[in-house]
Structures are given as C-alpha cells and as structure tokens.
Amino acid sequence: MTAQKPGIQLNKKGRLKHFLTTEELSRQILTEILDTAENFAGVGERAVKKVPLLRGKTIANLFFEPSTRTRTTFELAAKRLSADVLNINIEASATKKGESLLDTLQTLESMHCDMFVVRHANSGAAHFIASLVAPGIRVINAGDGRHAHPTQAMLDAFTIRRHKGGFNGLKVAIVGDIMHSRVARSEIHAFNTLGVKEVRVIAPKTLIPAYMRALGVKVFHDLKLGLKGVDAVIMLRLQRERMQGPLLPSADEFFKMYGLTEERLKVASPDVMVLHPGPINRGVEIDSEVADGPRSVILEQVSHGIAIRMAVMSLCMGSVE
Amino acid sequence: MTVLDNTEIEEILTKMAEDLRTFLQERNRENIAIVGIHTGGVWIAQRLHQLLGIDEALGELNIAFYRDDFSQIGMHPSVEPSNLPFDVDNRHVVLVDDILYTGRTVRAALNEIFDYGRPASVSLVVLIDRGEQELPFKADVAGTKMSLKAGEHVKLTGPDKLSLVTSIPAK
C-alpha cells in the first residue's frame, strides 16, 4: 500500500478530524470507526439511552438539501452523546434572505458551535466548509451532491461486518443508479480499503459512469450474472425525479430488468444479505417479499446508522492536537 | 518489575472472596450482581465470581464514554463494549476493579451503572489500593495496599496468569 497524504480529514497526529469521504482514509481509521460504533450499539437499549461524552458541545445540522432519515439519525446520535443540537434548515432561512455561506458559518461560529454536519446538493460542499471553519470546529459530510455519503457507507460496512464477521473473501454487489449515487462511491472506496474481495456494480449502461472500472470494481449490466455467488446485495433507491429523462425508459421497465425478487436472489450465496439505504421504492428496485423477508437487514441499518454517527462524531471531536 | 506473581495474587483473591462474603453477610446483602471494569477489573471479577460460586453471568463495564479526560486526550482505544446481562434495578452491585488510584474510574463506572438502572447498593472491591484517591471513594474490600514512588506505574497483566508489574515510564 502506498503512503497516503494526511489531507484535510486528519489532524497532525493522523487522527480523524473531519469526516468528509471514505476515500484516502486508511483501513486502520475505518476499522476504528467500526470498532467504536460496536461500543455504541448497545446504548439505545439501556434505561438511559445516553452517554455523557459530548456533554457541553454544540452540534449544528446544516441541511442545504432536504433529508429526513439522515438528519434525524444524526440528531439522535448527537443527543445520545449528550451534545446540544441545532437543526438549521438552510433553505428556509438566512440564505433565502441573501446571506452568503461564509456569513452563515461565521454566525454559527459566534454561537460557539463545535461541529457542523453538512448536507448539500453540490459535490465538494463539505470539503469547502471544512477548509473555511475555525481550527477547533469539526465537519462531517452527510451527503454532498454525487460525491460522497461516508457515514452511510460505514453503516453498511458495519451491518455487513456484524453478519459476516469480517470482509475477507466477501463479494458485494451494488445495484441501481450508480451514476447519481454518492452512497455507491463512498461504499466502493470503503469496501476496497476494508478488504472486500470483490465489489460489483450492476446497472444499465446509462446509469454507470465510464470511470467505474478504474475504481477496482466489476461492472455488470445483467442482474442475474452480477448476483451470482454474492454475499451481500446493496440496492440503491431509484430516484423518481431522474426517471423522466432519457436514462431510463420507465419504472416498470427498470423493475423488470433490475428489480430484486426472491427468484433472482436464488443465484446469490445461500446466506446472502440484502441492504438498502432507504427510503425504499417497493416494486421499483425491490420486491416487498425481499424487503420484508428474512435476508433483509434494512431496518437494522437504521439503528446501526445511529451507532456509526455516534462513533464518527466522538472520534472527530476527540482528536485533540 | 513483577511485584506480585500469579500464586501470590491467587492467595490474595481467596482472602478477598472471604472478606467480601463477610462484608455482604454483615449487611444482609443477598443476590449480588458482580460487575468488573475493563480490562483488569473483569479478570479479578471473573475469579471472585468463581470463588463465590455465583451462577448469574458477570457484568462488564467499558467506561470509555464516561471518562472525565475526553476533552484533554480524546477517545481511548476501544476495548469490549459494556454488557450488563441483568436488570440493575434494586440489585446489590459489587463493582470490581484491579487498582484503585485516583478514584476517577470509579466515578465513571458509577455514572454508567446508574444509566442502566437504580441499584439497591454498590460496593467497591479492588485488588490493589494505592491510597491516593482524589475523589471521596474508599474500597469496601481491598486485596492489599501498595504505595508507589512518584512517577511509578503499576499494571495488572493477564488474563490467564495474573501478575502485577511496576514500571517507571521513560521520559
């Protein structure tokens, strides 16, 4: 493995400071996130669902793009760490009145926020914010454009590791709109670093970017061929707003070709697990029988998302210089 | 430098089990729940658990999320997660650690236990009492007292054969 540049995500001691992308982070750092999440996984089942780790810290959720699931799990994660949480729906607030991003950030810094959790429609937005904030402030990317959604990738890795015990020798397939998916990109980097044997992407040609093979994945356009022998299948949500254009004929057509059914899963490994970042479109990318079936870990992913976000928040906040 | 070897520690543990039994009888505390603090405290707790012939599973605490030095030194390396496989409410909890030093670990462990429920009582059992507490805690049962020179550290190694080693860290 080649030596990696520390980059903006790490502090001088090589500890995680901002969590912006799974790219460029070492296996050691990604494994530390998973191990820390393992310790947080039980907190939600106790009488008091809180630990005092981030007591006195203030975390601002800056959502420039709508989100329910990601925002609420980040909020819950912060609250279970005893931090105070500000939810700022930027679309409905200051930027509408003409305030620049920089001014918004400076205003929040003056309120002594310690961490920004950023969701933005533009790729690179979280990096940009991390490069601007005062030294003590941490930034976590909750999804930027088509670029990255690192906490989603890590919660999927966490779910897979909990079921399979590790990553060595595993074959994992990601199915659906790879082109527009920040989740897929973050997963590919994370799985490769963590030592997954084979990462596959399965989609029509129009929904797979040309550079995919350069990321070290196997590309399939046929679902049956792609699912053969896989240990985990990650279904991506087909974004309805993107089905109007020339990339796809129709939702029905997509289901016919790429929808996950029990019948189609028969070629996969007998103990294959089915993941989906949610929200699911039943009958578009996944059949209800699969989504509600014994191989589905979709609801587990949601609670694992809280543990992963608690881990990332506490590791970033704990990386003192 | 080894200051106590496995045989010596086993002897101390036998005496600790007796002292603990007496301590609990005097106070009519029955149906106790043993909780060890990771990592050394769990090893001591496992042996006491065996010596007292308790059937119920042992509780284990990882106090990393309750430490008071997070803003100074950040996250501690992960050990096994906390696991209390019983209801803490109204139980007589016996909290076990290897070394009682500043008392800050005990403070963190008490806070964590109370996030699981409201015990009837908590008693503190340690193998080594250094007698340098910075907080108002004292051990109800201590294996032995030990005073160390300034800068000297003491550590329990295990888990199979226990021994107690001291070291002076290189400057």
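Not measured: the values here are computed from a predicted model. Just so we're on the same page: letters track the sequence lines, and every chain starts at 1.
Between chain A and the options Asn83(B), Val88(B), Asp115(B), the largest number of non-hydrogen pairs under 4.5 Å is found for Asp115(B).
Atoms CG and CE, from Leu16(A) and Met75(B) in turn, are 11.0 Å apart once rounded to the nearest 0.5 Å.
Residue contact with chain A, scored on non-hydrogen atoms closer than 4.5 Å, is absent for Ala108(B). Contact of Ile73(B) with chain A is made through the backbone alone, with heavy-atom distances under 4.5 Å.
Glu30(B) CD: 12 or fewer foreign heavy atoms inside a 6.0 Å radius. Around atom CZ of Phe86(B), more than 12 heavy atoms belonging to other residues, nucleotides or ligands sit under 6.0 Å away. Environment of CZ in Arg15(A): sparse, with no more than 12 heavy atoms of neighbouring residues, nucleotides or ligands closer than 6.0 Å. At most 12 heavy atoms of other shown residues, nucleotides or ligands fall within 6.0 angstrom of atom CG in Leu299(A). Atom CD of Gln50(B) has 12 or fewer neighbouring heavy atoms from other residues, nucleotides or ligands inside a 6.0 Å radius. Counted within 6.0 Å of CZ on Arg27(B), heavy atoms from surrounding residues, nucleotides or ligands total more than 12; the atom is thus considered enclosed.
Minimum interatomic distance between Val320(A) and Gln72(B) (heavy atoms only, all atoms of both residues): CG2-O, 3.3 Å.
For residues 37-58 of chain A, the interface with chain B (any heavy-atom pair closer than 4.5 Å) comprises Glu38(A), Asn39(A), Phe40(A), Arg46(A), Ala47(A), Val48(A), Lys50(A), Val51(A), Pro52(A), Leu53(A), Leu54(A), sorted by residue number.
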